[in-house]
Each structure stands twice: as structure tokens, then as C-alpha cells.
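Since we're looking at a predicted model, the values are computed, not measured.
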There are 2 protein chains.
Amino acid sequence: MGTKGSANRQRIVDAADHLFYSRGYNQTSFSDISDETGIPRGNFYYYFKTKEDILAAVVDARLVEFRVMLQNCEKATTDPLQRLHSLVQFPLHRESQVLKYGCPIGSLSSELVKEQDTEISQARLTAVFDLLKNWIEEQISELGQPARANDFAMDLLARMQGVIILSNVYRDTAFLHKGIKDIQNWLNHTLSN
Amino acid sequence: MGTKGSANRQRIVDAADHLFYSRGYNQTSFSDISDETGIPRGNFYYYFKTKEDILAAVVDARLVEFRVMLQNCEKATTDPLQRLHSLVQFPLHRESQVLKYGCPIGSLSSELVKEQDTEISQARLTAVFDLLKNWIEEQISELGQPARANDFAMDLLARMQGVIILSNVYRDTAFLHKGIKDIQNWLNHTLSN
DNA sequence: GTCTATATCGAGATAGAC
DNA sequence: GTCTATCTCGATATAGAC
């Protein structure tokens with residue numbers, strides 16, 4: 001175990017990760033996390049100074065989760081276009097959660113941009129978007145179109161967020177599938193120049 | 001004044017509307033609304049039984065705001081395609097707020113889908129999306145393509161939400177403008193069949 | 001390291017005077 | 001209709017025993 005070892009710490013982060021996703025950060029209390037882990041409230045302060053510190057740990061955890069996801073996209077194939085397809089399909093592997101709770105980074109970001117105080121977690125949040133954005137840019141560059149990489153990455157992220165939001169609001173599984181298919185068609189069309 | 005008359009009631013709704021948008025529903029307290037209006041907390045309960053009742057009134061107010069916006073789109077021109085362009089450009093008229101707080105209906109919806117208890121406001125929220133969706137469908141039908149109306153309306157809403165989310169997260173004014181321009185190009189291209 | 005007990009604060013909500 | 005005073009609860013956070 002490193003500096004962040006301890007099984008209990010990890011259990012707290014896991015429960016918080018799940019609860020922040022399903023209920024939202026502000027709607028999740030220490031009691032909720034305590035109920036889910038069986039670890040008493042007061043104990044949290046041995047591992048974290050504040051609730052915001054737990055949030056930071058959760059965001060770090062999501063960063064790791066997304067890195068793993070991207071690595072899986074890379075393992076699947078060496079073709080950058082296919083890798084992008086792999087990324088786009090990812091929400092389908094989490095379909096029921098996406099329909100119920102939206103995007104793990106998009107919905108959390110939306111909640112945290114409203115935060116008046118803390119600007120700290122703000123930077124952490126765009127870090128997850130940046131991770132995806134940079135990875136997409138790499139794939140585009142490998143396709144020999146580095147000049148379009150930035151614009152394209154932003155467009156792709158925007159489209160995915162839009163499809164997920166609408167699917168979530170209407171709990172519309174058909175639209176989620178159709179929206180992703182449309183993005184894939186757009187991928188093929190726009191990257192074959 | 002009708003059943004919902006009273007200047008004070010209106011001032012409460014106006015302040016809540018603004019605060020729910022800039023801070024979020026759950027992050028806005030009665031004290032916040034009291035500070036902004038000068039009306040004491042206890043007084044709110046003369047006009048509303050619960051905080052959720054205030055939320056319902058705010059959603060109703062946004063419904064009215066969006067109806068007015070759509071009516072303005074209709075006044076501008078009789079051409080359905082131009083009316084859609086008018087709708088798409090709307091976020092630019094609220095640019096600074098959109099960059100800071102996102103979409104008034106999108107961000108509120110994202111916050112409220114997480115609500116475990118109340119299913120009431122849930123239905124109210126999709127009502128605003130439905131208002132936009134139905135209006136878009138009307139325009140498409142008038143263009144003689146009623147079969148595509150539903151799919152097209154969902155796509156358009158998803159694209160706008162996506163562009164707004166990314167603009168908001170990165171506070172990227174250039175992307176907001178570019179994203180809207182891209183949607184307009186897509187509008188022209190896809191509706192000229 | 002782990003747990004209980006408790007402090008402190010601010011939230012939504014109520015009662016009742018004026 | 002308007003205002004003050006107050007209730008109750010649950011939130012984050014702390015102290016200190018074991």
C-alpha cells in the first residue's frame with residue numbers, strides 16, 4: 001500500500017463514487033456513505049479532512065477509470081478510426097446507468113460549475129474532459145490530420161454529451177443507440193477525407 | 001392579478017429563478033432568496049407550502065420564458081427553416097450566462113434527474129424540453145417532412161445541449177459560436193432534401 | 001486505526017403577533 | 001399580508017476513549 005493505501009479508504013472512495021454519480025455530490029451525505037460502507041461517519045476524518053477531499057479522491061478515481069477505458073480502446077485495435085469507434089460505443093456498455101444518471105463526468109461537471117466557493121475541484125473536473133480530448137486528438141493526428149484535431153475532439157465530445165443528456169432526460173434507450181450510431185456514421189464520413 | 005398575483009410572490013419566483021440557474025436548486029437556500037428579495041424567510045410560506053413548490057413555480061416561469069422566445073422566432077419570419085435558425089442562435093443572446101451557468105433547462109434537468117424522492121418536478125422538467133421538441137417538429141412538418149420530425153427534433157436538441165455543455169465546462173466562447181454555426185450548416189444541409 | 005459521543009451550524013418549516 | 005421568533009432536523013466536523 002502506498003500513501004493512499006488502506007482498504008477502508010478505498011471502500012469510502014468507491015461508495016462515494018457510486019453515490020455522487022447516482023444522487024449527485026451535494027445530495028450525498030456522510031451518513032449515506034456510512035450506510036453503504038458500514039464505516040461510521042466520524043471515521044471518515046481519519047482519511048479525509050473535508051467532504052471536498054473525498055470529492056477530489058473520487059475525481060482521481062474516475063480519471064483512473066477513464067484511463068483504463070482508453071487503454072482498452074487501444075488494446076482492441078491499432079487503427080485510430082476503430083479506436084474512436086470503440087470510445088463512442090462505450091456508453092452502451094453502461095447503458096442502464098447512463099439512462100438513469102447521465103454521464104459520470106458530464107453530470108458532475110454540470111453540478112460543480114455552479115459551485116460558488118471552491119475553484120479547486122473545477123480544475124480537476126476539466127482534467128477528465130482533457131484526458132478524453134487529448135486522446136481523441138492523438139487518434140486524429142495519427143490519421144494524418146493534426147490541424148483538425150482540436151476542433152474535431154471538441155465536436156465529438158459535444159455530440160456525445162448531447163446524446164447522453166437527451167437519452168437521460170427522456171430515459172430513451174432507442175435514442176441513445178440511434179444517437180451513437182449517427183455519431184459513428186459522422187466519424188466515418190468526416191475522417192475519410 | 002389572478003390566482004397567482006401579488007408582487008411579492010413574483011419577486012420570490014424571479015429571485016429563485018435566477019438563483020436556481022446560477023447556483024443550482026439544491027445549493028440555493030431560503031436565506032439566499034431572502035437576501036436577494038429583502039423578503040424575510042418566514043414570509044415565503046404564505047405563498048408556497050414547500051421549497052419544491054417554489055421550484056414548480058420557477059419551472060412554470062421558464063416555460064413562459066421559452067414560449068415567448070419561440071413566439072419571437074415566429075414573429076421574425078414565416079419560413080420554418082429561418083425560424084429554426086432563429087432558435088439555434090438564441091444561446092448567443094444569453095452568451096455570458098450560458099458560458100457561466102449552462103442551459104437553463106439542461107442544467108436544471110441534470111440536477112433533478114438525480115433527485116431520489118420527488119417525481120413531480122421530473123415531469124415538469126421534461127415539459128420544457130417537450131415544448132421545444134414539439135415546436136421544432138412543427139417547423140419540420142411545415143417543411144413537408146413530418147416523418148423525420150421526431151428524429152430531427154431530438155437530434156437538434158442533443159446537438160445544442162452538447163455544444164452548450166462543452167462551452168460551459170471550458171468557458172469557451174469561440175467554441176460556442178463555432179458549434180452554433182456548425183449546427184446551422186447542418187440545418188441547411190439536412191433540410192434541403 | 002477504529003469507534004462513540006458530541007459540537008456547531010444552517011437548512012426547511014411553523015406559530016402566532018401585528 | 002407581513003414580520004419575528006422559534007422549532008426540528010440533518011448536515012459537516014471535532015474530541016477523545018479504546
- Message: Need one value for A/S34: base, sugar-phosphate or nothing, where a base atom within 4.0 Å counts as base even if backbone is also close, heavy atoms only.
- Response: nothing
- Query: Do A/F20 and A/Y101 make the cut of ring centroids closer than 6.0 angstrom?
  - Reply: no
Nearest-nucleotide pick for [X], side chain only, options being [options]:
X	options	result
A/N43	C/dT2, D/dT2, C/dA13	C/dT2
B/Y45	C/dT14, D/dT2, D/dT12	C/dT14
A/R41	C/dT4, D/dT12, D/dC3	D/dT12

- Query: Say you draw a straight line from CE of B/M69 to OG of B/S86; how long is it, rounded to the nearest 0.5 Å?
  - Reply: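 Separation between the atoms: 9.0 Å.
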- Query: Do B/I39 and B/I33 touch side chain to side chain, with heavy atoms closer than 4.5 Å?
  - Reply: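 Sidechains of B/I33 and B/I39: no contact.
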Using only side-chain N and O atoms of [X], determine if any of them is under 4.0 Å from OP1 or OP2 of [N].
X	N	result
B/S31	C/dA11	yes
B/T50	C/dA13	no
B/N8	D/dT2	yes

- Task: May I have the distance from B/F48 (atom CZ) to C/dA13 (atom C1'), rounded to whole angstrom?
- Result: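 After rounding, the gap between these two atoms is 15 Å.
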- Nearest-nucleotide comparison on DNA chain D, the residue closer to the 5′ end among A/G42 and A/S29: A/S29
- On DNA chain D, check which nucleotide each of B/Y46 and A/F30 is closest to and give me the residue with the more 5' one. B/Y46
- For the residue pair B/L108 and B/P104, what are the closest heavy atoms and their distance? CB-O, 3.5 Å
